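Single-structure report; data block below.
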Amino acid sequence: MQYHPTSYKRLYMLMDDGASLFNGDIENGITFLINNSVVGPTDRHIGCFLHESQSLHADKVLKFLEDRPGVLDEQVSLLEFEDVFLPDALRKFFTEVPAPKVRGDFLQQLVTKFSHRYFICNPNMSLTQGQSVILTCLEFLGIGEPSSTCSDTT
């Protein structure tokens, strides 16, 4: 397929317009992106878009992910944590998926999804998935042993 500079420019402009719309009104932005074939209509396509986008406001992404758990699942499935130190993986996760400002059910869901993904990416670690969740919670709260004994080398 032959690509022309005008098609790149058009795609860039559509993505920019869609991101601006999303940042103002989430549903209008997603609808615009889907209707203009920038993003496919499935949770997987939308999750990939959120995973790659740099221009969306974190609070809007968070609200969208709270309302669309299927998209959240797809976005989390794109994250790779193989052989990544738990605190670094947790930082990477919350860079990708904005953390809610208040503790509650959604934060608990995020911690569980992170722990599950971390466990999948590191099947040879000597922990059960339940232990992985507990360590993630301890690290998240800042009382896990790794963060108190290891220096931050991010």
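Since we're looking at a predicted model, the values are computed, not measured. FYI, side chains are in, hydrogens and waters are out, and symmetry mates aren't considered; it's all heavy atoms of this structure.
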d(S20 OG, F32 CZ) to nearest 0.5 Å is 9.5 Å

* To do: Please confirm whether F114 and Y118 have ring centers closer than 6.0 angstrom.
  => yes

Parallel, tilted or perpendicular: ring planes of F93 versus F81, cut at 30 and 60 degrees:
tilted

In this structure, CD of E52 is separated from CD of Q75 (nearest 0.5 Å) by 10.0 Å

Next item on the list: Please confirm whether the backbone N or O of E27 pairs with a side-chain atom of D25, one donor and one acceptor, at under 3.5 Å?
Entry: yes

In terms of heavy-atom contacts, R117 and S77 come closest through NH2-O, 3.1 Å

**Prompt:** Got a salt bridge between K63 and D67, using NZ or NE/NH1/NH2 to carboxylate O under 4.0 Å?
**Reply:** yes

Quick one: does any side-chain atom of N23 pair with a main-chain N or O of A19 as donor and acceptor, under 3.5 Å?
yes

Closest non-hydrogen atoms of L65 and L50, given as atom of the first, atom of the second and distance, are CD2-CD1, 3.8 Å

| field | I120 with F85, same ILVMFWY side-chain cluster at under 4.5 Å | value | no

| query | Are the charged groups of K92 and E80 less than 4.0 angstrom apart, N to O? | reply | no

Taking every heavy atom of I46 against every heavy atom of P41, the minimum-distance pair comes out as CD1-O, 4.2 Å

*Do E74 and L78 come within less than 4.5 Å of each other through their side chains, counting heavy atoms only?*
no

Is any side-chain heavy atom of S37 closer than 4.5 Å to one of L14?
no

query: Hey, does D59 have a side-chain heavy atom less than 4.5 Å from the side chain of P98?
result: no

For residues D43 and D73, determine if any side-chain heavy atom of one lies less than 4.5 Å from a side-chain heavy atom of the other. no

dist L11:CG -> D16:CG (nearest 0.5 Å) comes out at 11.0 Å

### Query
Taking a hydrophobic cluster as the set of Ile, Leu, Val, Met, Phe, Trp and Tyr residues connected by side-chain heavy atoms closer than 4.5 Å, whether directly or through intermediates, do M13 and V39 fall within one such cluster?
no

Handout entry: Close side-chain approach of M15 and S53, heavy atoms under 4.5 Å
Key = no

Value for CG (L33) from NE2 (H45), rounded to nearest 0.5 Å, stands at 13.0 Å

d(F49 CZ, I34 CD1) to nearest 0.5 Å is 10.5 Å

For this session: Indicate yes or no: at least one non-hydrogen side-chain atom of L79 is less than 4.5 angstrom from one of H51.
Result: yes

One should read off an interatomic distance between I26 CD1 and I30 CD1, to the nearest 0.5 angstrom, of 8.5 Å

Practice problem: May I ask you to test the L21-T31 pair for a side-chain heavy-atom distance under 4.5 Å? | Solution: no

Minimal heavy-atom distance between F94 and A99, with the atoms involved, is CD2-CB, 3.5 Å

May I ask you to test the F64-L72 pair for a side-chain heavy-atom distance under 4.5 Å? no

